[in-house]
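See below for the structure under consideration.
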Amino acid sequence: MKANSTQTGHYGTTAKPFMGAHFLLDNDFAKELYHDYAKDMPILDYHNHLDPEQLASDHTFENITQAWLANDHYKWRAMRALAVDEKFITGNATDYEKFAQWAECVPYTVRNPLYHWTHLELQRYFGIGDLLGKDNAQQVYNYTSGTLQESSHSALGLLQQMNVEVVCTTDDPINDLSHHQNARERSIHPRMFPTFRPDMAYAVENVASYRDYLEKLEMATGSSIDSYADLIAALKERIAYFHKHGCRLSDHGLAQLYFFEKGSYNIESLFKKILKGQVLAEEEIEYFKFETLGHLCKEYHAHGWAQQFHLGPLRNTNQRMLSISGPDAGFDSIGDKQQAYPMARFLDDLDSTDQLTKTILYNLNPAYNEVFATMAGNFNDGSIRGKIQYGSGWWYQDQLDGMEKQLNTLSNMGVLSCFVGMLTDSRSLLSFPRHEYFRRLLCNLFGRDIANGLLPADIPHMGKIIQDICYNNAKTYFGFPEKE
């Protein structure tokens, strides 16, 4: 093993990594495009679930389990499938016991993206080329946990190793953004910006929890929310507050977008019912989401933001395990809600008054890939390059086959050269080799087409397009504030 110069401790000898320098690169064209054009481009990670406090404080992880396994429902699902007891997943086992269980599982995750991600992360951050398994679990745990105490492997150090320039966290409207302000005042690198995620502002399915949320929103704004008009005023105030702190994009997680004719329900009457603790009917809930999203999206347009819609999951399907492990623990799947018609009507409603802002549409169900790609093309109007984006492979599509399908669908039905590229969508600071994974795949697609005579062997031009997809397009599209 060749460790970084700042690493201490000893791991031992290692065989040549099976994922070598030309991993995923099938021919010389692909190799040249990756190594000469894509590899060293900075990373602008515009959507993730990193902890702002860890970044602002430059957090040091006590061990590899805390940095790597905590909150990683991808790994948790695999462990459950391999008959690991919940004690070693979300339970009260020690950090080493949890890591040892994961290490024992890794050899059996072959052909799952976790197998590649695991070994890329061990290579890139720790210089470990050995395959992780039961026999070396203790060595790897000790070595990586020791290395994480070095300044090179603090929260910011981990990102700097991956050449990360910008990270955009995901933040509720009630957040005070104090960590973002602290980071900005200290000029930390990479730069950190918030993302406005108002899902709770229209989560009226559970009236009791929604009323509790309204109280928190009142505290954040310092104003009473006694009507629906008050709610919209409060959300607009928070959008302005986020904008002041550098926010330039929003995000929404929904089963689907909604559309109703305006006035189908009296929105003030619905809000009054909620304040009284009355449960809304399903269609009333959907109308409330539709109306509220419309107000929000018009405000994003007024501020020049981009908006993201992550569409298609079926969440919290296992009620028994939800009661044990809580939400976001690996019990969500691909849903099959209707997407095309309500999405078209929702976007058209905004566009009819020229208040449709830059939009990224992420699709979870691969059966709808072509629906999303063609929908994006419906609302490009020549005002902004790639204004409406068919977003990168997300969640269950964030793997080689899913990413390749997304790229091919976008190529066939849109303009790939306008694409704003990859993101991690991760809660882990060790997940950034996913950008490398994507870049290798992207270069291989181009290299394969060049070798097959489908693209000219104009490497500088193709390399420039790849650099645009990897970084330049996103930098232009989002327009984050320049350094103060």
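- Residues L311 and Q339 have side chains in contact (heavy-atom distance under 4.5 Å, counting atoms from C-beta outward).
- The shortest non-hydrogen separation linking A30 to L25 is O-CD2, 3.9 Å.
- Scored by the side chain to side chain contact (heavy atoms under 4.5 Å, CB included) test, T374 finds M413 as partners (sequence neighbours excluded).
- Distance alone, capped at 3.5 Å, places no donor-acceptor pair between the Q308 side chain and the L361 backbone.
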In a table with atom names and distances, give each donor-acceptor pair under 3.5 Å that connects a side chain of residues 452-463 to protein atoms at least two apart or in another chain.
from : atom 1 : to   : atom 2 : distance (Å)
N452 : ND2    : R448 : O      : 3.2
D458 : OD1    : H461 : N      : 3.3

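- Panel note: side chain H245, backbone Y241; a donor-acceptor pair is recorded below 3.5 Å.
- Judged by distance alone, with hydrogens and angles left aside, the side-chain atoms of R439 form a donor-acceptor pair with the main-chain N or O of M41 at under 3.5 Å.
- Partners of K337 according to the salt bridge (charged side-chain N to carboxylate O under 4.0 Å, His left out) rule, which considers only residues two or more places apart in sequence or in another chain, do not exist here.
- In terms of modelled atom types and a separation under 3.5 Å, the side chain of H59 and the main chain of L55 share no donor-acceptor contact.
- Side-chain polar atoms of T169 and H179 form no donor-acceptor pair below 3.5 angstrom.
- Atom-to-atom distance recorded for W305:CH2 and C247:SG is 3.5 Å, nearest 0.5 angstrom.
- Sparse packing is recorded around NZ of K39, with 12 or fewer heavy atoms of other residues, nucleotides or ligands lying under 6.0 Å away.
- In this structure, Y258 has no side chain to side chain donor-acceptor pair (under 3.5 Å) partners at least two apart in sequence or on a different chain.
- Partner L350 forms a side-chain contact (heavy atoms from CB on, under 4.5 Å) with one of T359, T357, L356 and no other, that one being L356.
- For the salt bridge (charged side-chain N to carboxylate O under 4.0 Å, His left out) test, residues two or more places apart in sequence or in another chain that qualify with R197 are D199, D251.
- Taking the six-membered ring for Trp, F290 and F259 have ring centres closer than 6.0 Å.
- One N or O on the side chain of D58 and one on the backbone of L156 form a donor-acceptor pair closer than 3.5 Å.
- For E286 (side chain) and L257 (main-chain N/O), no donor-acceptor pair under 3.5 Å exists by modelled atom type.
- In this structure, the side chain to side chain donor-acceptor pair (under 3.5 Å) partners of D45, at least two apart in sequence or on a different chain, are N48, T424, H435.
- Annotation: side chain of F432 is in contact with side chain of V167 (closest heavy-atom distance under 4.5 Å).
- Within a 6.0 Å sphere centred on OH of Y108, heavy atoms belonging to other residues, nucleotides or ligands number 12 at most.
- Applying the side chain to side chain contact (heavy atoms under 4.5 Å, CB included) criterion to T476, with sequence neighbours excluded, gives no partner residue.
- Note: H243 and F196 fail the aromatic proximity criterion, with ring centroids not under 6.0 Å apart.
- Residues passing the side chain to side chain contact (heavy atoms under 4.5 Å, CB included) test with Y396, sequence neighbours excluded: R77, I334, L364.
- Side-chain contact between M192 and P52: present, with at least one pair of heavy atoms (C-beta onward) separated by less than 4.5 Å.
- Ring to ring, W68 and F61 are not that close: their centroids are 6.0 angstrom or more apart.
- The neighbour count for D381 CG, taken as heavy atoms of other residues, nucleotides or ligands under 6.0 Å away, is above 12.
- A distance below 6.0 Å separates the ring centres of H116 and Y437.
- Side-chain N or O atoms of D348 include none that pairs as donor or acceptor with a backbone N or O of A344 at under 3.5 Å.
- R111 CZ: 12 or fewer foreign heavy atoms inside a 6.0 Å radius.
- Two residues are said to be in side-chain contact when any heavy atoms from C-beta on lie closer than 4.5 Å; L177 and D171 meet this criterion.
- Qualifying ring pair (Phe, Tyr, Trp, His ring centres under 6.0 Å) partners for W76, counting only residues two or more places apart in sequence or in other chains: none.
- Within the structure, every pair that satisfies the ring pair (Phe, Tyr, Trp, His ring centres under 6.0 Å) test and touches residues 26-46, not counting sequence neighbours, is listed here: H22-H35, Y46-F478.
- Side-chain contact, W394 with D425: a donor N or O sits under 3.5 Å from an acceptor N or O.
- At a threshold of 4.5 Å between non-hydrogen side-chain atoms, the residues E165 and Y471 count as touching.
- The residue from I360, V371, N369 that alone fulfils the side-chain contact (heavy atoms from CB on, under 4.5 Å) condition with Y390 is N369.
- The shortest side-chain heavy-atom distance between L235 and T292 falls under the 4.5 Å cut-off.
- Partners of K405 under the salt bridge (charged side-chain N to carboxylate O under 4.0 Å, His left out) rule, at least two apart in sequence or in another chain, are D401.
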Acceptor/donor pairs from residues 296-303 side chains to any protein atom, 3.5 angstrom cut, sequence neighbours excluded:
from : atom 1 : to   : atom 2 : distance (Å)
Y300 : OH     : H252 : NE2    : 2.9
H301 : NE2    : D354 : O      : 3.1
H303 : ND1    : E299 : O      : 3.1

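- Side chain to side chain, Q355 and T353 meet the donor-acceptor criterion of an N or O pair below 3.5 Å.
- Between T409 and N412 there is no side-chain heavy-atom pair separated by less than 4.5 Å.
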